[in-house]
Amino acid sequence: MEIAQYKIVLMNLDPTIGSEIKKTRPCVIISPDEMNKYLRTIVIAPMTTKSRNYPTRSKIRHDNKTGWILLDQIRTVDKQRVIKVLGSLSKAEIKKVKAIIKETFVD
(Lines give C-alpha, C1' and ligand atoms only; values in the text may rest on other atoms or scores of the structure.)
Protein backbone atom coordinates (compact mmCIF):
# COMPACT_ATOMS: atom_id res chain seq x y z
CA MET A 1 0.00 0.00 0.00
CA GLU A 2 1.44 3.38 -1.03
CA ILE A 3 1.33 5.78 1.88
CA ALA A 4 2.40 9.06 0.30
CA GLN A 5 1.78 12.73 0.88
CA TYR A 6 -1.50 14.03 -0.57
CA LYS A 7 -2.95 10.55 -1.10
CA ILE A 8 -6.56 10.08 -0.04
CA VAL A 9 -6.89 7.02 2.19
CA LEU A 10 -9.79 5.34 3.95
CA MET A 11 -9.10 5.31 7.70
CA ASN A 12 -10.71 4.10 10.89
CA LEU A 13 -10.51 7.11 13.24
CA ASP A 14 -12.27 5.51 16.22
CA PRO A 15 -11.98 5.70 19.16
CA THR A 16 -12.20 9.45 19.59
CA ILE A 17 -12.91 11.86 22.44
CA GLY A 18 -15.20 14.89 22.49
CA SER A 19 -15.27 16.95 19.30
CA GLU A 20 -12.66 14.92 17.38
CA ILE A 21 -13.96 13.73 14.03
CA LYS A 22 -14.82 10.03 14.15
CA LYS A 23 -15.90 7.02 12.07
CA THR A 24 -14.24 5.34 9.13
CA ARG A 25 -13.77 8.03 6.51
CA PRO A 26 -11.47 9.31 3.79
CA CYS A 27 -8.47 11.33 4.98
CA VAL A 28 -5.66 13.18 3.22
CA ILE A 29 -2.08 12.36 4.20
CA ILE A 30 -0.38 15.64 5.09
CA SER A 31 2.97 14.36 6.41
CA PRO A 32 5.89 14.46 3.97
CA ASP A 33 7.14 11.26 2.32
CA GLU A 34 10.40 11.29 4.34
CA MET A 35 8.34 10.90 7.52
CA ASN A 36 5.91 8.45 5.93
CA LYS A 37 8.79 6.19 4.91
CA TYR A 38 10.49 5.90 8.30
CA LEU A 39 7.88 6.49 11.00
CA ARG A 40 5.00 4.24 12.04
CA THR A 41 2.71 7.26 12.24
CA ILE A 42 1.34 9.66 9.63
CA VAL A 43 -0.19 13.11 9.85
CA ILE A 44 -3.66 13.27 8.30
CA ALA A 45 -6.56 15.62 7.73
CA PRO A 46 -9.99 13.96 7.80
CA MET A 47 -12.58 14.57 5.09
CA THR A 48 -16.35 14.96 5.21
CA THR A 49 -19.20 15.57 2.78
CA LYS A 50 -21.04 17.89 5.16
CA SER A 51 -19.41 21.19 6.09
CA ARG A 52 -19.64 24.92 5.87
CA ASN A 53 -17.18 27.06 3.98
CA TYR A 54 -14.77 27.73 6.87
CA PRO A 55 -11.35 29.26 6.11
CA THR A 56 -9.64 26.12 7.47
CA ARG A 57 -11.51 23.75 5.15
CA SER A 58 -10.72 22.99 1.54
CA LYS A 59 -13.50 21.96 -0.84
CA ILE A 60 -12.57 19.17 -3.26
CA ARG A 61 -14.20 16.78 -5.71
CA HIS A 62 -13.44 13.07 -5.19
CA ASP A 63 -15.23 9.93 -6.32
CA ASN A 64 -17.98 12.02 -7.98
CA LYS A 65 -18.76 13.69 -4.64
CA THR A 66 -18.05 17.12 -3.24
CA GLY A 67 -16.13 16.91 0.00
CA TRP A 68 -14.18 19.00 2.45
CA ILE A 69 -10.68 18.49 3.85
CA LEU A 70 -10.85 19.46 7.51
CA LEU A 71 -7.50 21.16 8.04
CA ASP A 72 -8.67 22.27 11.49
CA GLN A 73 -8.80 18.58 12.49
CA ILE A 74 -5.23 17.56 11.54
CA ARG A 75 -3.91 14.74 13.71
CA THR A 76 -1.20 12.10 13.93
CA VAL A 77 -2.31 8.47 13.70
CA ASP A 78 -0.72 5.05 13.41
CA LYS A 79 -0.44 3.63 9.89
CA GLN A 80 -2.44 0.60 11.08
CA ARG A 81 -5.57 2.76 10.85
CA VAL A 82 -5.25 2.93 7.03
CA ILE A 83 -7.69 0.56 5.35
CA LYS A 84 -6.96 1.35 1.69
CA VAL A 85 -5.79 4.04 -0.72
CA LEU A 86 -8.65 5.78 -2.53
CA GLY A 87 -6.84 8.27 -4.77
CA SER A 88 -4.81 11.48 -4.78
CA LEU A 89 -5.38 15.20 -4.64
CA SER A 90 -4.97 17.13 -7.89
CA LYS A 91 -2.18 19.72 -8.24
CA ALA A 92 -4.72 22.53 -7.80
CA GLU A 93 -6.12 20.90 -4.64
CA ILE A 94 -2.61 20.43 -3.23
CA LYS A 95 -1.83 24.10 -3.86
CA LYS A 96 -5.00 25.15 -2.02
CA VAL A 97 -4.30 22.80 0.94
CA LYS A 98 -0.75 24.15 1.24
CA ALA A 99 -2.02 27.74 1.21
CA ILE A 100 -4.56 27.04 3.96
CA ILE A 101 -1.96 25.23 6.11
CA LYS A 102 0.47 28.12 5.67
CA GLU A 103 -2.17 30.73 6.48
CA THR A 104 -3.41 28.79 9.52
CA PHE A 105 -0.20 27.54 11.09
CA VAL A 106 2.70 29.60 9.71
CA ASP A 107 1.68 33.21 9.11
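This one's a predicted model, so the numbers in the text were calculated from it and none came from an experiment. Just the heavy atoms: all of them, side chains too, but no hydrogens, waters or symmetry mates, feed the values below. We're numbering straight along the sequence, starting at 1.
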Query - Under 3.5 Å donor-acceptor, K65 side chain and I60 backbone - result: no
Query - N36 side-chain N/O to S31 backbone N/O, donor-acceptor pair under 3.5 Å - result: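 The answer is yes, because a donor-acceptor pair under 3.5 Å joins these two groups.
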Within the 4.5 Å heavy-atom criterion, are [X] and [Y] side-chain neighbours or not?
X   : Y   : result
V97 : I69 : yes
V77 : R75 : yes
L70 : Y54 : no
V43 : I29 : no

Rounded distance [0.5 Å steps], [atom1] in [X] versus [atom2] in [Y]:
X   : Y   : atom1 : atom2 : value
I42 : Q80 : CD1   : CD    : 11.5 Å
Q73 : T48 : CD    : OG1   : 10.0 Å
D78 : R40 : CG    : CZ    : 6.5 Å

Residue pairs, two or more places apart or on separate chains, that pass salt bridge (Lys or Arg N to Asp or Glu O under 4.0 Å) and touch [range]:
range          : answer
residues 81-93 : none
residues 54-64 : R57-D72
residues 10-39 : none

Report task. Tell me, with the steps shown, if I74 and I44 meet side chain to side chain contact (heavy atoms under 4.5 Å, CB included). Result -> CA-CA 6 Å; I74 290 174; I44 57 100; over 6 Å; no
Report summary line: Closest heavy-atom pair, P46 versus C27, reported as atoms and distance to 0.1 Å, is CA-SG, 3.7 Å
Report task. State, to 0.1 Å, how close K96 and S58 come at their nearest heavy-atom pair, and which atoms those are. Result -> CD-OG, 3.5 Å
Single-linkage hydrophobic cluster, 4.5 Å side-chain cutoff, [X] and [Y] together:
X   : Y   : result
L13 : V85 : yes
M35 : I94 : yes
I83 : M47 : yes

Report task. Report the hydrophobic cluster partners of Y38, with the cluster defined as I, L, V, M, F, W, Y residues connected by side-chain heavy atoms closer than 4.5 angstrom, directly or transitively. Result -> none
Requested in this report: Could you check F105 against L71 for side chain to side chain contact (heavy atoms under 4.5 Å, CB included), going step by step and ending with a plain yes or no?
Outcome: CA-CA 10 Å; F105 297 106; L71 295 167; 5.5 Å; no
Would you list the atom pairs, donor with acceptor, under 3.5 Å between side chains in residues 3-11 and any protein atom, with sequence neighbours excluded?
residue, atom, partner, partner atom, Å
Q5, NE2, I30, O, 2.8
K7, NZ, S88, OG, 3.1

